[in-house]
Number of protein chains: 2
Amino acid sequence: MTVSKMSDIDQPKRVPPMEAAPEYAALQMGELSELLGYSLKRAQLKVFEDFLRCMAPLQLTPAQFSVLLLLDHNPGRNQTEIANTLGILRPNFVAMLDALESRDLLTRMRSPNDRRSHVLTLTDKGGATLTRAKKLVATKHEARLIELLGPANHVALLGMLAIIAQDF
Amino acid sequence: MTVSKMSDIDQPKRVPPMEAAPEYAALQMGELSELLGYSLKRAQLKVFEDFLRCMAPLQLTPAQFSVLLLLDHNPGRNQTEIANTLGILRPNFVAMLDALESRDLLTRMRSPNDRRSHVLTLTDKGGATLTRAKKLVATKHEARLIELLGPANHVALLGMLAIIAQDF
DNA sequence: TATTGTTATACTCTATAACTATA
DNA sequence: TATAGTTATAGAGTATAACAATA
């Protein structure tokens, strides 16, 4: 960031490129603008990007956050149940839990009822981290989204996305 | 699919699990239902899945379709311009173009003006494929989405996603 | 025999550095 | 020197098969 004193003479400043201006004319998007999948993908990338920025102090990805949240609301569940609910395949869930467990955010315990399965539980640190994470998401991340769209549109958007996710 | 004759006696049929029913009670989603990024991701996966199904006869992915569409609307552009517009990194664009070119859907030609750059052009086969693809998308894919949401909601959804993709 | 967690593996996407040929 | 296309490579994310322990 360049800082200049108020007394400096005016610079012959050209139009400042706001965000990495290309040297060529913008392309025609054609039917792409009306293609829901395209906008959906682009919007999702932006939202995840912002989520990661807001969550940087806690170093949690969207997927990791969703696991902690689900554990908090569903104590006593095993790996298969949590993974299935989040659309994560069991083999891929193993390394993810290894990472969270090594950070002391959750524990795996053999179930006394069925010694094949692991009961997943948030640790105290995991609970505290989740609390801080939810606060960051609400105040930094979602607040900005609601401001951008307006509260009514935000709710409508959530509703439509839920319909697509469930019924399409 | 099991076929039984009309004259067969009634089977003691249990409740048929509609879509891969889990053996355990559904989990509490907690704040996840209100998290835009989560619904966005889930909806995007569903929409891409359906896109691939509808496009199966033409064997085009969403990304490949977007390239063909952009070439059709922006003749004479080079790889960097197309890739940048679609958010594809130039190194990753190479293999993608190799695949489309080997299927004779587009051509790379050295530009006479600047012999470093390749002008990308749809072949006749590429144009015909794009036409068929657009028809499939409109009649099979988007038609179902519009039916699910209603035309007004569909337009509103597109608008909100565009706002997020651009301004968030 | 079936299921839970796990390992191994592979394939796609994405991201960065560096080369070449041109400018 | 800078840019366009390319190569090589590494890291996520995602997918399937198969094994050990347990039911």
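Note on naming: letters A, B, ... go to the chains in the order of the sequence lines (proteins, then strands), and numbering restarts at 1 for each one.
Taking atom CG of Asp98(A) as the reference point, atom P of dT6(C) lies 7 Å away to the nearest angstrom. At whole-Å resolution of the value, CE in Met109(B) and P in dA4(D) are 18 Å apart. Distance CG (Leu52(A)) to C1' (dA12(D)): 12 Å, rounded to an integer number of Å. If you measure from atom CD1 of Ile88(A) to atom P of dA15(D), you get 11 Å, rounded to the nearest angstrom. As rounded to whole Å, 8 Å separates atom P of dT6(C) from atom CD of Glu101(A). Rounding to whole angstrom units, NZ of residue Lys41(A) and P of dG13(D) are separated by 12 Å. Rounded to an integer number of Å, the gap from Gln44(A) CD to dT14(C) C1' is 13 Å. Atom-to-atom, NE2 of His118(B) to C1' of dT22(C) comes out at 11 Å; the value is rounded to the nearest Å.
Interface remark: the Asn92(A) side chain does form a donor-acceptor pair with the dA15(D) base, using a distance-only criterion of under 3.5 Å.
Closest heavy-atom contact between Arg115(A) and Arg110(A): O-NE, 2.9 Å.
A distance of 15.0 Å separates NZ in Lys140(B) from CG in Leu145(B), rounded to the nearest 0.5 Å. Considering OG1 of Thr129(A) and CG of Leu58(A), their distance stands at 6.5 Å, rounded to 0.5 Å. To the nearest 0.5 Å, atom CG of residue Leu148(B) and atom CE of residue Met160(A) are 11.0 Å apart.
Panel note: side chain Asn74(A), backbone Leu70(A); a donor-acceptor pair is recorded below 3.5 Å.
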What's the verdict on side-chain hydrogen bond (donor to acceptor under 3.5 Å, both in side chains) for Asn78(B) and Tyr24(A), showing C-alpha distance, side-chain angles and the deciding distance? CA-CA 11 Å; Asn78(B) 65 27; Tyr24(A) 48 86; over 6 Å; no
Under the side chain to side chain contact (heavy atoms under 4.5 Å, CB included) rule, what do Tyr38(B) and Leu69(A) come out as? Steps first, then yes or no, please. CA-CA 12 Å; Tyr38(B) 182 76; Leu69(A) 196 56; over 6 Å; no
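Nearest-nucleotide assignment on DNA chain C puts the 5′-proximal partner with Val94(A), out of Val94(A) and Leu45(A). In this structure, Arg116(A) and Leu89(A) both approach DNA chain D, and ranking their closest nucleotides by distance from the 5' end singles out Leu89(A). Comparing Arg115(A) and Gly87(A) along DNA chain D, the residue whose closest nucleotide (by nearest heavy atom) sits nearer the 5' end is Gly87(A).
The side chain of Arg110(B) contributes no N or O atom lying less than 4.0 Å from OP1 or OP2 of dA23(C).
As judged by a 4.0 angstrom heavy-atom cut-off over every strand, Arg90(A) is placed among the base-contacting residues.
Near DNA chain D, meaning a heavy atom under 4.0 Å from it, residues 55-85 of chain A has no residue at all.
Closest to the side chain of Ser117(B), from the set dA23(C), dT6(C), dG5(D), is dG5(D).
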